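One is the number of the first residue; the rest follow in order along the sequence. Because the structure is predicted, anything quoted here is derived from the model rather than measured.
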Amino acid sequence: MADIGRDDNVVVIGLGRFGGAVAGTLQKLGHEVLGIDNDPKLVQEWSERLTHVAEADSTDEDALRQLGVPDFTHAVVGIGTHMEQSILTVLALVEVGVPHIWAKAISAKHGKILSSVGATKVIYPESAMGDRVAHLITSRMIDFIEFDDDFAIAKTRAPHAKVGQTLADLQLRTKHGVTVVGVKEPGKEFAFAGPDTVIPENATLIVSGPATKVQKFAATT
């Protein structure tokens, strides 16, 4: 496993839907990924997709050391349904010295325990996706991401009434409290937006600002 301990490489433990998606995307982004799972079927499946895959008990510190996990600076624990295994895995990663541990939680209590035993970042994928879908169902946005401080980024259609005007003319920040970050025309590459950017017909806008104002602006499209 040459070079597998470099700073930009990641160990992903638990190769189910969440962990597998993370591992696959990391590899596509050019990172070296070590996937670990105790299910031989998942290990066999991912052995054809990832460069390094191992079947092991992730709660066993000796097994993690044998796989070279202490050489990693980043670990993702994608175990969700087995809470005890998830918690003990995070604890084992802490014990072998992995400094940055991202762990999936299925509840607030689970997340609190993960943080208390050493998880650097706790992820609530089901909750985050549920919130995201709720915003999309009740609005005209195409996609929506909200951050902790009520700041949001959304993908929405360009308002028909604004087509042909520049962003400077529209004064969206003054009138709506939002900023158009970029514009995507059908069949063309994404382009960052500036004051002189003209709103083209049938375009998709990337808009940022306070979540409530982003939603109100999207309602005008």
* **Nearest-0.5 Å distance, CD of residue E84 to NE2 of residue H110** => 10.5 Å
* To do: Output, in order, the C-alpha distance, side-chain angles, deciding distance and verdict of side chain to side chain contact (heavy atoms under 4.5 Å, CB included) for T197 and V183.
  => CA-CA 9 Å; T197 299; V183 177; 3.9 Å; yes
* Any Lys/Arg nitrogen of R65 or E61 sitting under 4.0 Å from an Asp/Glu carboxylate oxygen of the other? -> yes
* To do: Measure the spacing between CD1 of I36 and CG of L50 and express it to the nearest 0.5 Å.
  => 11.5 Å
* Could you check if a side-chain atom of L64 sits within less than 4.5 angstrom of a side-chain atom of E95, using non-hydrogen atoms only? => no
* Structure fact -> For I101 and G118, the nearest pair of non-hydrogen atoms, with its separation, is CD1-O, 4.2 Å
* Spatial distance of atom CD1 (I13) from atom OG1 (T89) [nearest 0.5 Å] -> 5.5 Å
* Asked: If you take all heavy atoms of P195 and T166, which pair is closest and at what distance?
  -> O-CB, 3.6 Å
* Report yes if some heavy atom in the side chain of V10 is under 4.5 Å from a heavy atom in the side chain of W102; otherwise report no. => no
* **4.5 Å side-chain heavy-atom contact, L42 and E45** => yes
* Asked: Around atom CD of Q171, are there more than 12 heavy atoms of other residues, nucleotides or ligands at under 6.0 Å?
  -> yes
* What closest approach, in Å, do Q85 and T59 show between heavy atoms, and which atom pair accounts for it? -> O-CG2, 3.8 Å
* To do: Evaluate the side chain to side chain contact (heavy atoms under 4.5 Å, CB included) criterion for residues D57 and N38: first the C-alpha distance (whole Å), next the side-chain angles of each, then the deciding distance (0.1 Å), finally the verdict.
  => CA-CA 6 Å; D57 177 1; N38 62 0; 5.6 Å; no
* Asked: Are there more than 12 heavy atoms of other residues, nucleotides or ligands under 6.0 Å from atom NZ of K184?
  -> yes
* Asked: Closest approach of P210 and G177, non-hydrogen atoms and distance?
  -> CD-O, 3.5 Å
* Within the distance-only criterion (no hydrogens, no angle test), does the side chain of S115 pair as donor or acceptor with the backbone N or O of G111 below 3.5 angstrom? -> yes
* **D37 CG to L15 CG distance, which is reported to the nearest 0.5 Å** => 5.0 Å
* Answer whether the closest heavy-atom distance between the side chains of L34 and N9 falls below 4.5 Å. => no
* **CZ/R49: more than 12 non-hydrogen atoms of other groups inside 6.0 Å** => yes
* **Whether F217 and H176 hold their rings parallel, tilted or perpendicular, with breakpoints at 30° and 60°** => perpendicular
* Asked: Are V198 and L172 in one and the same hydrophobic cluster, where Ile, Leu, Val, Met, Phe, Trp and Tyr link if side-chain heavy atoms are under 4.5 Å apart?
  -> no
* Asked: Rounded to the nearest 0.5 Å, what separation is found between the CG atom of L26 and the NE2 atom of H74?
  -> 10.0 Å
* If you round to the nearest 0.5 Å, how far is CG of D196 from CG of D169? -> 9.0 Å
* **Heavy-atom closest pair, residues A54 and L67** => CB-CD2, 3.7 Å
* Test log, rule side chain to side chain contact (heavy atoms under 4.5 Å, CB included), inputs I199 and L167 -> CA-CA 7 Å; I199 302 296; L167 292 178; 3.6 Å; yes
* **Close side-chain approach of K175 to L170, heavy-atom, < 4.5 Å** => no
* To do: Report yes if some heavy atom in the side chain of V94 is under 4.5 Å from a heavy atom in the side chain of V117; otherwise report no.
  => no
* Write down the atom of V90, the atom of A103, and the distance for their closest heavy-atom approach. => CG2-CB, 3.9 Å
* Are V180 and I206 side-chain neighbours, meaning at least one heavy-atom pair lies under 4.5 Å? -> no
* Asked: Got K188 and P200 here, is their nearest side-chain heavy-atom distance under 4.5 Å?
  -> no
